[in-house]
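Following: one structure in structure tokens, then a few remarks.
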Amino acid sequence: MSDGHGHDHGHDHDHGHDHDHDEPVEGALPAAALRTRAIESLLVEKGVLTAEAVARGVDWLVSRTPTNGARIVARAWVDPAYKQRLLADAKVAAGELGIDAAQSVTVVALENTAAVHHLVVCTLCSCYPRALLGPPPAWYKSNAYRSRAVVEPRAVMAEFGTELPAEVEVRVVDSTADIRYIVVPRRPAGTDGWSEEQLAAIVTRDSLVGVVQPVAGEPVAV
Amino acid sequence: MSVEDAVAYMTGTAALPRLNGELVFDAPWESRAFGLAVGLSQAGSFTWDEFRERLIVEIAAWEAAGHPAEEWSYYERWLAALESILEAKGIAGGEEIDALMDAIAATPEH
């Protein structure tokens with residue numbers, strides 16, 4: 001049914017249930033959307049999986065995962081005992097917050113201090129703590145970052161706008177297939193009394209890799 | 001290899017659409033279809049390799065059909081692969097999906 005009339009289907013959905021359009025919905029997108037809904041309903045109905053499992057499947061790789069790392073750091077900032085457990089075994093510490101890192105390889109949390117700053121790279125490929133941070137950003141996988149982070153870490157960080165005092169030791173850690181790293185950045189000044197959620201909101205993905213430091217800014221309403 | 005890595009590291013025609021390293025979904029249904037396949041694999045309904053193979057087959061079939069008039073859509077091939085594996089595993093059949101789709105389409109949105 002390729003009638004090819006050129007008017008654009010600008011039906012804005014203004015909740016006017018007019019019945020001028022009861023021909024089957026044309027165009028691949030709405031049909032696919034409908035079909036996806038049908039499949040999901042059917043699977044839920046059959047008890048094959050739950051709507052929550054679908055949402056988790058999305059979140060796992062897509063959006064919430066950097067937040068997992070941020071939650072861990074925020075807890076470590078407010079709870080020194082948790083921080084010690086995190087530095088001892090990051091996967092177990094993640095599990096305490098209900099974050100499932102069981103399937104990933106060893107994850108080591110590295111604490112930044114006034115004296116030491118950690119920067120994570122994978123010189124061979126793009127090993128990355130996905131369970132905690134989601135998929136790596138493109139720059140992490142780029143040849144430029146992989147080759148330069150080890151040789152001139154300060155120059156690389158400067159390109160991200162990060163300037164560290166000369167007396168701070170910069171340690172570059174190289175991820176492998178067996179060990180992944182997550183940086184526990186320093187809690188920025190001006191965040192006294194912030195809730196864990198407010199703190200987590202300022203822990204960016206890039207700060208968990210060590211190329212930037214969290215900035216306090218204004219507390220985010222959460 | 002974990003399901004997570006298996007999904008994230010798909011290469012060739014099956015590689016997930018990305019922009020600056022982040023996954024790209026052009027419409028909400030695409031992320032839902034993504035979650036369905038990942039969720040089913042995590043639940044053990046099929047292995048990720050089984051799904052990936054079907055995805056590659058669906059993409060190849062679309063290409064072999066001489067690029068039909070409709071626009072290329074990675075997640076439509078994804079959806080086709082999902083239906084194919086659900087049918088093959090005896091989890092859900094095309095007719096059931098058709099019927100439910102008609103029912104949903106007939107239900108006015110509120």
Side-chain angles (χ1 to χ4, degrees), chain A residues 2 4 13 15 17 19 22 24-25 27-46 48-63 65-66 100-105 125-128 130-131 134-142 177 205, chain B residues 1-5 7-9 16 18-45 68-73 75-76 78-80 82-83 86 89 91-94 96-106 108-110:
Chain A
S2 63
H13 294 270
H15 302 286
H17 290 281
H19 289 274
D22 41 25
V25 185
L29 230 123
L34 215 51
R35 210 152 176 85
T36 305
R37 272 181 62 190
I39 293 172
E40 181 173 337
S41 306
L42 194 60
L43 295 176
V44 170
E45 200 176 294
K46 286 170 180 263
V48 177
L49 87 171
T50 60
E52 292 72 36
V54 181
R56 273 203 308 277
V58 181
D59 284 345
W60 198 17
L61 276 176
V62 184
S63 52
T65 32
D100 179 18
Q103 291 197 31
S104 57
V105 296
C125 45
S126 56
C127 296
Y128 190 77
R130 287 167 186 273
W139 55 260
Y140 185 84
K141 297 184 282 188
S142 69
R205 177 192 63 197
Chain B
M1 192 189 264
S2 67
V3 173
E4 182 187 39
D5 278 354
V7 176
Y9 287 120
L16 296 164
R18 290 180 191 272
L19 186 66
N20 290 329
E22 312 293 344
L23 296 181
V24 177
F25 299 108
D26 289 331
W29 73 266
E30 296 187 347
S31 64
R32 214 66 199 166
F34 176 88
L36 275 170
V38 173
L40 284 164
S41 180
Q42 286 173 324
S45 296
E70 80 258 29
E71 228 177 295
W72 161 252
S73 160
Y75 282 103
E76 285 196 21
W78 179 285
L79 196 58
L82 181 62
E83 283 196 44
L86 288 175
K89 295 279 178 185
I91 299 169
E96 290 178 286
I97 296 169
D98 287 342
L100 197 53
M101 191 175 156
D102 291 344
I104 293 173
E109 298 259 3
H110 283 287

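Sequence lines set the chain letters: A, B, ... in the order given, protein chains first and strands last, and positions in each chain run from 1.
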Spacing of CZ belonging to A:Arg35 relative to CD1 belonging to B:Ile97, to within rounding of 0.5 Å: 5.5 Å

Sort B:Asp98 into side chain, backbone, both or neither according to what part of it lies under 4.5 angstrom from a heavy atom of chain A. both

Looking only at heavy atoms, the pair that brings A:Leu43 and B:Leu86 closest together is CD2-CD2, 4.1 Å

Mind listing the closest non-hydrogen atom pair of A:Ala38 and B:Leu100 along with its distance? O-CD2, 3.2 Å

Point-to-point distance, once rounded to the nearest 0.5 Å, from CD1 of B:Ile104 to CG of A:Leu34: 6.0 Å

In Å and rounded to the nearest 0.5 Å, what is the CZ to CZ distance from B:Arg32 to A:Arg37? 11.0 Å

A:Ser126, part contacting chain B, at a heavy-atom distance under 4.5 Å: both

Minimal heavy-atom distance between B:Ala92 and A:Leu42, with the atoms involved, is CB-CD2, 3.7 Å

Let me confirm one number: the CD1-CD distance from A:Ile39 to B:Glu96, rounded to the nearest 0.5 Å. 11.0 Å

As an exercise, state the distance from CG of B:Leu40 to CG of A:Leu49, rounded to the nearest 0.5 Å. 5.0 Å

